[in-house]
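Written out below as structure tokens is the structure these notes cover.
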Amino acid sequence: MADKVIPVADLRYRARLPSIPALLQAPTGELLDTLQRPLRDLRISVTDRCNFRCSYCMPKEVFDKSYAFLPQTSLLSFEEIARVARLFVAHGVTKIRLTGGEPLLRRDLERLVGMLAELRTVEGRRLDLTLTTNGSVLARKAEALKAAGLDRVTVSLDALDDAIFRRMNDADFPVADVLRGIDAAERAGLGPLKVNMVVKRGTNDGEIVPMARHFRGRKVALRFIEYMDVGASNGWRMDEVLPSAEVVARIQAEFPLRPLGAAAPGETAERWGWAEAGVPGEIGTISSVTKAFCADCNRARLSTEGKLFLCLFASRGHDLRALLRGGMSDAEISAAIGLVWQERTDRYSELRGSAAAAGAEDERRVEMHYIGG
Ligand code: SAM
């Protein structure tokens, strides 16, 4: 049996302190990084806790009763999140996704949704405000989230078969409750809904076609995600990755598909519609492993305790909380964010396996539940 390694230093707390430029540039809404990628999408992790223990994300052997989750005082408050989100929006962000951990475990999340729903893009439009959830408490919360101003939800669902689903969430959680959550979200108007299925070869790949059959004909975008090497806890192996091309081939064999274009610049998914005329819904594949999409990645991530990460596979963040709690003005924090983005070079998925990526791996990568999926 492999030994469990408990790091002496808590690596979550290592971060660079962003520098504040001498000349404070006001945000233009058109910030570009070194690869000419704009900043459009902000993902905010509101908690590092989750009630599931999916082996590919928060395996029970690591995230057990003795695991030290972040103390409440470390978390950004809703006021702090809203303040920093406003600064990001001024730099060009048009979409905010709340995530975690399980975001619906954060108490009074509707209050944060309400605060973010008031923000307006540089062009004066509403933000695209969405949330990713495991769906476990969605049936209870869908109406209140919609009333607070949430536009859409993405629900993670790795199998329809109850036994497989319970095994994958490793919390003995029944699939029926998540399906009820999906129905409630649709009824509440939190659509068009996305449903995310992480595919692990040999674990749930037999569920691909049943999932397609189940959601075909509903106004749902069913997304198949390649199992990724995020974090350092899931024991990722390439032979457990089922390439998206194979997912599409398996569905095609049963239900003909027609390719669709990208819905928005920087979109992570390749999309297909059902070829049969008039059938609502679509499928998509997210192929970070076999077909990297770094070239137009316009996403920034704000961790639960206020570190800004520029890539899902990063090892270090930039400590915005230190600025927020250190008495810096909006102009100073905004200029610091601008500088961090302008210096961004990250493209881990494109480099995966290369010497450059190996160098980056000298440091332990952050976990997905902390950085936000
Ligand atoms: N708790 C929420 C949920 O379950 O959707 C939000 C957080 S979760 C980290 C966000 C998404 O990341 C989920 O769809 C999850 O399946 C996906 N995810 C986590 N670990 C992954 C991995 N190793 N490879 C691919 N997707 C992963």
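Whatever order the structure lists ligands and atoms in, that order sets their numbers, starting from 1.
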Residues 256-269 side chain polar contacts: donor-acceptor under 3.5 Å, at least two apart:
| unit_1 | atom_1 | unit_2 | atom_2 | d |
| --- | --- | --- | --- | --- |
| Arg258 | NE | Trp274 | O | 3.3 |
| Glu267 | OE1 | Ala263 | N | 2.9 |

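- Residues Glu30 and Arg40 are paired through a salt bridge, judged by an N-O separation under 4.0 Å between the basic side chain and the carboxylate.
- Of the charged side-chain nitrogens involved, none lies within less than 4.0 Å of a carboxylate oxygen, so that Arg86 and Glu118 do not count as a salt-bridged pair.
- Electrostatic pairing of Asp183 and Arg180 does not count as a salt bridge here, judged by no charged N lying under 4.0 Å from a carboxylate O.
- In this structure, Thr132 contributes its side chain and Thr154 its backbone to no donor-acceptor pair below 3.5 Å.
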Under 3.5 Å: N or O atoms of ligand 1 paired with protein N or O:
| unit_1 | atom_1 | unit_2 | atom_2 | d |
| --- | --- | --- | --- | --- |
| ligand 1 | 1 (N) | Gly101 | O | 2.9 |
| ligand 1 | 1 (N) | Glu102 | OE1 | 3.1 |
| ligand 1 | 4 (O) | Ser156 | OG | 3.4 |
| ligand 1 | 5 (O) | Thr133 | O | 3.4 |
| ligand 1 | 5 (O) | Ser156 | OG | 2.5 |
| ligand 1 | 14 (O) | Ser156 | OG | 2.7 |
| ligand 1 | 16 (O) | Tyr56 | OH | 3.1 |
| ligand 1 | 23 (N) | Tyr56 | O | 3.1 |
| ligand 1 | 23 (N) | Met228 | O | 3.0 |
| ligand 1 | 23 (N) | Asn234 | ND2 | 3.4 |
| ligand 1 | 24 (N) | Met228 | N | 2.9 |

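- For the pair Arg250 and Glu246, the salt-bridge criterion is met [side-chain N within less than 4.0 Å of a carboxylate O].
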